[in-house]
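Report on the following structure.
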Amino acid sequence: MAAPSAVQRVVIENAAIATVDAHDTEHASGHLVVAGNRIESIGAGKAPEGLENVVRRIDATGHLVTPGLVNTHHHFYQWITRGLATDHNLFDWLVALYPTWARIDEPMVRAAARGSLAMMARGGVTTAMDHHYVYPVGSGDLSGAIIGAASEMGVRFTLARGSMDRSEKDGGLPPDFAVETTEGALAATEETVKRYHDASFDAMTQIAVAPCSPFSISTELLREGAALGRRLGVRMHTHGSETVEEEKFCHELFGMGPTDYFESTGFLGEDVWMAHCVHMNDSDIAAFARTGTGVAHCPSSNARLAAGIARVPDMLKAGVPVGLGVDGTASNESGELHTELRNALLINRLGAHREAALDARQALRLGTYGGAQVLGRADSIGSLEAGKLADFVLWKIDGLGHSTIADPVTAIVFGAAAPVTASFVNGRQIVENDRLLTVDEDTIARDARTEAQRLARIAARG
């Protein structure tokens, strides 16, 4: 039997490095050695001498190396409904857009997923997540289309298989034909987990159980969803405490606030993360900390929809895991996560803690290790440490936008969106000089525009 080929190594040298490890270790000029899909070594100065089978050396002078960004909340399908209902709050925005969203089909979802993923990936996202919950009758294999798009792009991916069973006839917002039955949603979710979920250390695709929100699901779907997730050993996700209207809705319908309602159905725990969590009181934050429930903080979307400012500093102080999310691009038209580092810092400084709310390194941690925590993958991604997966980004910080900012982390958080010279996922480079290597961006843009126009025509016909 032939001996296995020696592992190939990539060496990065002369870079500023922010590891985002437990000690926030940083190197003003350091090295990173990748062996296969793992980080083999990292440290100050040059790489060790005598490394075998080095297939590439990168001189990263003028760059900051960080862990790849981790997106913890998104709705990819919204890529083809951007720029609509721009002056609406959340409830009115949903009312305006659900009639259009209810008419999506597989080609639309595929094109939208490719657009959403491409925009994030070329901006430093190495792990993406999509909460897809609109499955109109006869729309095709939407989950398969989304997962296929992520695989093609080369990003690590979690599909939060969403669901809705409360339509207009039940007092919900979605049209009747755009929701599933409770039993149908649970069965389809279980099938998706069994078909696609990979529980391994270096998994590229994972699945979460993700009923949509209190506005659009029954208590039975939420409770049974939690039971299903735990029986299958996967994580759970939903929207929570996004608006004051949701708080009022939960009190009127269930006699309690959103956090207490979620806990009563089993939908809090170390295997759960919630999107938004804007309107949380001290008791809510304590419940999240006690149960280990995570939060996907979406600052741009919360501002776009005038939802409010989440109490991120208080959550972090209490020990709540917090990551960053783009949210759907119908409420964050830029579709980029690296801009959320800056927006999270700035928007939180408008809150009660003012200038002490967040600093640059806390913002970077939210977008990297914090995201890995809420996705349940902090053992394998989110920080640059020997043995972890080789998901990392080289940010160019010696150009016009950043060269006069002495501190590299301050440069990428406070400064303009930094150019991405290279982005690696699982040891494979997927971005070079702000361009994707795995797909053609112009084709993606053209296809997405075509599908957006087709959806608009169908929606206009009603």
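- Taking the six-membered ring for Trp and thresholds of 30 and 60 degrees, Tyr133 and His239 have ring planes more than 60 degrees apart, a perpendicular arrangement.
- From Leu228, atom CG reaches atom CG of Leu186 across 6.0 Å, with rounding to the nearest 0.5 Å.
- Side-chain contact between Phe215 and Arg166 is absent, with no heavy atoms from C-beta onward closer than 4.5 Å.
- For Ser300 and Glu340, the side-chain atoms include at least one donor-acceptor pair closer than 3.5 Å.
- To the nearest 0.5 angstrom, Arg361 atom CZ is 12.0 Å from Leu345 atom CG.
- Across all their heavy atoms, Gly371 and Val70 have their closest contact at C-CG1, 3.6 Å.
- Atom CH2 of Trp273 and atom OG1 of Thr238 lie 10.5 Å apart (nearest 0.5 Å).
- Trp101 and Ala330 get closest at one heavy-atom pair: CZ2-CB, 4.1 Å.
- Between the side chains of His73 and Asp327, at least one donor N or O lies within less than 3.5 Å of an accepting N or O.
- Leu69 approaches Gly123 most closely through the heavy-atom pair CD1-O, 3.9 Å.
- Within the 4.5 Å cutoff, the side chain of Ser151 has no heavy atoms near those of the Met204 side chain.
- In terms of modelled atom types and a separation under 3.5 Å, the side chain of Arg103 and the main chain of Pro99 share a donor-acceptor contact.
- No side-chain heavy atom of Arg235 sits less than 4.5 Å from a side-chain heavy atom of Thr158.
- Counting only distance, with no hydrogens or angles, the side chain of Asn71 and the backbone of Val326 share a donor-acceptor pair below 3.5 Å.
- Atom CD of Glu191 is surrounded by 12 or fewer heavy atoms from other residues, nucleotides or ligands within 6.0 Å.
- In this pair, His131 and His237 present their aromatic rings perpendicular. The plane angle is above 60°, beyond the 30 to 60° band.
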Which donor-acceptor pairs under 3.5 Å do the side chains of residues 136-148 make with protein atoms, sequence neighbours left out?
{"from": "Ser139", "atom 1": "OG", "to": "Pro136", "atom 2": "O", "distance (Å)": "2.7"}
{"from": "Asp141", "atom 1": "OD1", "to": "Gly144", "atom 2": "N", "distance (Å)": "2.9"}
{"from": "Ser143", "atom 1": "OG", "to": "Tyr135", "atom 2": "OH", "distance (Å)": "2.7"}

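- Not a single donor-acceptor pair under 3.5 Å links the side chain of Ser241 to the backbone N or O of Cys277.
- The side-chain heavy atoms of Ile430 and Met153, taken from C-beta on, include no pair separated by under 4.5 Å.
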Exercise for the section: With side chain to side chain contact (heavy atoms under 4.5 Å, CB included) as the test, would you mind laying out the steps for Gln78 and Leu97 before giving the verdict? Expected result: CA-CA 10 Å; Gln78 293 180 14; Leu97 289 173; over 6 Å; no

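- Of the possible polar contacts, one joining the Asp165 side chain to the Ser218 backbone as a donor-acceptor pair under 3.5 Å is found.
- Salt-bridge formation is detected for the pair Arg304/Glu333: a Lys NZ or Arg NE/NH1/NH2 atom is positioned less than 4.0 Å from an Asp or Glu carboxylate oxygen.
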Practice task
Using the side chain to side chain contact (heavy atoms under 4.5 Å, CB included) rule, take Thr205 and Leu159 through it: C-alpha gap first, then chi angles, then the decisive distance, then the call.
Solution key: CA-CA 8 Å; Thr205 303; Leu159 174 66; 5.9 Å; no

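- A distance-only check finds a donor-acceptor pair linking the side chain of Gln206 to the backbone of Asp198 [under 3.5 Å].
- The main-chain N or O of Phe76 is found under 3.5 Å from a side-chain atom of Asp130 such that the two form a donor-acceptor pair.
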Handout entry: Full working for side chain to side chain contact (heavy atoms under 4.5 Å, CB included) between Leu232 and Lys194
Key = CA-CA 8 Å; Leu232 297 176; Lys194 290 182 175 178; 4.2 Å; yes

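- What you find for Thr293 and Met274 is that their closest heavy atoms are CG2-CG, 4.2 Å.
- Looking at Asn302 and His276, their side chains do bring a donor and an acceptor atom within 3.5 Å of each other.
- Interatomic distance, Cys298 SG to Asn343 CG, rounded to the nearest 0.5 Å: 11.5 Å.
- Side-chain contact between Leu305 and Trp93 is present, with at least one heavy-atom pair separated by less than 4.5 Å.
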Problem - Residue pair Asn348, His353: steps toward the side chain to side chain contact (heavy atoms under 4.5 Å, CB included) verdict - result: CA-CA 8 Å; Asn348 278 279; His353 296 275; over 6 Å; no

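- Glu441 places a side-chain N or O within 3.5 Å of a backbone atom of Leu436 that can act as its donor or acceptor partner.
- Listed for the Thr86 side chain is no donor-acceptor partner under 3.5 Å among the backbone atoms of Gly83.
- At a threshold of 4.0 Å, the pair Arg290-Glu263 counts as salt-bridged, since one of the basic side-chain nitrogens sits closer than that to a carboxylate oxygen.
- Put simply, the side chain of His74 reaches to within 4.5 Å of the side chain of Thr329, judged on heavy atoms.
- Here the closest heavy-atom approach between residue Leu366 and residue Ala344 is recorded as CD1-CB, 4.4 Å.
- Residues Leu316 and Leu358 form a side-chain contact, since some pair of their non-hydrogen atoms from C-beta on lies under 4.5 Å apart.
- Interatomic distance, CD1 of Ile381 versus CG of Asp202, reported as 11.5 Å (0.5 Å rounding).
- Other residues, nucleotides and ligands contribute more than 12 heavy atoms inside 6.0 Å of the CD atom of Glu168.
- Considering every non-hydrogen atom in both His279 and Ala307, the closest pair reads NE2-O, 2.7 Å.
- The structure places OG1 of Thr219 at 8.0 Å from CD1 of Ile217, a figure rounded to the nearest 0.5 Å.
- Ion pairing between a basic and an acidic side chain is recognised when a charged N comes within 4.0 Å of a carboxylate O; Asp105 and Arg454 show such pairing.
- Residues Leu384 and Val20 are not in side-chain contact: their nearest non-hydrogen atoms beyond the backbone lie 4.5 Å or more apart.
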Exercise for the section: Go through the steps for Glu190 and Arg231 under the test salt bridge (charged side-chain N to carboxylate O under 4.0 Å, His left out), then give the verdict. Expected result: CA-CA 10 Å; Glu190 181 167 3; Arg231 175 166 61 82; 3.1 Å; yes

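- Residue Phe254 places its CZ atom among more than 12 non-hydrogen atoms of other residues, nucleotides or ligands, all under 6.0 Å distant.
- Using modelled atom types, one side-chain atom of Arg377 and one backbone atom of Phe201 make a donor-acceptor pair closer than 3.5 Å.
- Every pair passing salt bridge (Lys or Arg N to Asp or Glu O under 4.0 Å) that includes a residue from residues 363-374 is listed here, sequence neighbours excluded: Asp24-Arg365.
- Here the side chain of Arg342 pairs a donor or acceptor atom with the backbone of Phe414 at under 3.5 angstrom.
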